Protein chains: 2
Amino acid sequence: MSAAKEILERLAGCPLPEWHHVEPLLRRKTLESGETLFLAGMAHPYVYFVETGIIKMIYETCEGDAWVKAFAAEDRFFASLAALLPGGVTSFSAVAACPAAVESLPYHLLDQLGDKHPQWQRALRKGFELYGFRKEARERDLLTLSAGERYQRFIEEYPHIAERVTDRDIAGYVRVTPVALSRIKSRIKLRQMEEKDAS
Amino acid sequence: MSAAKEILERLAGCPLPEWHHVEPLLRRKTLESGETLFLAGMAHPYVYFVETGIIKMIYETCEGDAWVKAFAAEDRFFASLAALLPGGVTSFSAVAACPAAVESLPYHLLDQLGDKHPQWQRALRKGFELYGFRKEARERDLLTLSAGERYQRFIEEYPHIAERVTDRDIAGYVRVTPVALSRIKSRIKLRQMEEKDAS
DNA sequence: GGTCAGGGTTAACCTAGGTTAATGAGCGGT
DNA sequence: ACCGCTCATTAACCTAGGTTAACCCTGACC
């Protein structure tokens, strides 16, 4: 069973018809750590499904910083929404944060199947619903939390990701420099020591 | 013609069937500036359509800050995605940033119509697509731009909103305090003066 | 007219995080 | 074993923004 099928049918909540039309267009790709899946600026209307490993989506600024928009680990799907819209291009790049295997499908195929079958349309809508839900949470964290709080929430919420990517990437996600993240970590350690001493 | 119908049919790209089933559940509400539409923490599975005015969506922290997630002006729709999901609650409040009139529809109705008619399902999917697209852009701005750049982008991209809300709300959107925004503005003014002097 | 409240500005001070640079640990390649 | 690389840490210094408080302006209300 392909990761794509599993993920899409979980979204739809039912089996999806015409999978035999999908199969031949499903591309599988394995990536080494650090290998690029796609680059910002490309027209890239594909949806990805993570089979194994972790993909990081990054915004690269002209100053050379690389801020991490999101991580996608096993069983997640992702895409550049901007690139799915007609004539759109990705504003971020996707890079393997550790050895990974992904599957991809062209969005126009999903779009067509959506117009033909309510089950597919439902899967797509649920997919966008979930995507929006995640983005809403990310936006809230960036707006309301301090850097230290964002770090703590990240390691609590995604421990399975935190332990498999570099601190550098975590810093990019938390939106601080690696130096600042190191300081934040030592501050936390210090506080934990103090609490232990007090008790 | 209601704002909701106009917005939804623009999303669908075609007329929507069974509008007579929608009409009786469509609620219209006018708000004075500062009046609350809904509060964070509520179960609130409704989609809103802005007829006139501007609604701000805000995250209120326990420290008493109010950060502005987004503004919705004329012809926009919005909802708390988290509250649309079964059992979910809003994590933000919606407040009129100036006198406003909105229409609302219960999401379960849209969900049902989506399951019945491909046109409705398409409208919903396009709606989520657009919502995700906007959130993606917001996330990028928060990750890659400095406070000053975020302010400049905001007044360039949404001049019709910028001139109708208070600086206090703009500061909340840019994610700085009103004091810092004032400083940013005077810094920009200073730079413009210098450029004029140089030329 | 006077008063009051809220928004915007400015100044003084403080803190968190950015910047640069030096140091050391881990690791693959030769 | 050695080199070279990347990553994490630490220190020194700097800057942007937070905090507090004083001030002014405007508009609503009495």
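Throughout, a chain's letter reflects where its sequence line sits, starting with A, and its residues are numbered from 1. Computed from a predicted structure; not experimentally measured. These values consider heavy atoms only, across backbone and side chains, with no hydrogens, waters or symmetry-generated copies.
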Touch class at under 4.0 angstrom, heavy-atom based, for A:Thr177 against every strand present: base
Main-chain N/O of A:His20 paired to A:Glu23 side chain as donor or acceptor, under 3.5 Å: no
Closest listed nucleotide, where the reference is the side chain of A:Ile184 and the choices are D:dC7, D:dA16, C:dG17: C:dG17
D:dA8 phosphate, OP1 or OP2, under 4.0 Å from A:Lys185 side-chain N/O: no
Interatomic distance, A:Asp65 CG vs C:dG18 P [rounded to whole Å]: 9 Å
Short side-chain N/O contact to D:dG17 OP1/OP2 from B:Arg187, under 4.0 Å: yes
Side-chain donor-acceptor pair present, B:Gln121, A:Arg122, cut-off under 3.5 Å: no
Other residues, nucleotides, ligands: >12 heavy atoms within 6.0 Å of B:Arg27 CZ: no
Options D:dG17, D:dA8, C:dG17, nucleotide nearest the side-chain atoms of A:Asp167: D:dA8
Whole-Å distance separating the CD atom of A:Glu163 from the P atom of D:dA8: 15 Å
Parallel, tilted or perpendicular, as decided by the 30° and 60° cut-offs, for the rings of B:Phe154 and B:Tyr173: tilted
A:Glu103 bridged to A:Lys29 by N-O distance under 4.0 Å: no
Between D:dC5 (C1') and A:Arg168 (CZ): distance, integer Å: 12 Å
Ion pair B:Arg175/B:Asp141, N-O distance below 4.0 Å: no
Between P of D:dC7 and CG of A:Asp169, the distance in whole Å: 8 Å
Length of the line joining B:Leu190:CG and D:dA16:C1', which is rounded to integer Å: 16 Å
Atom-to-atom span, CD1 of A:Ile170 to P of D:dC7 - whole angstrom: 13 Å
For atom CG of A:Leu145 and atom P of C:dG17, their distance in whole Å: 12 Å
A:Tyr48: which of A:Phe38, A:Tyr107, A:Phe77 passes ring pair (Phe, Tyr, Trp, His ring centres under 6.0 Å): A:Phe38
Distance, rounded to the nearest Å, where B:Arg164 contributes CZ and C:dG7 contributes P: 18 Å
Atom pairs under 3.5 Å, N or O on each side, protein against nucleotides 10-14 of chain C: can you list them with distances?
from: C:dA12; atom 1: N6; to: B:Arg183; atom 2: NH1; distance (Å): 3.3

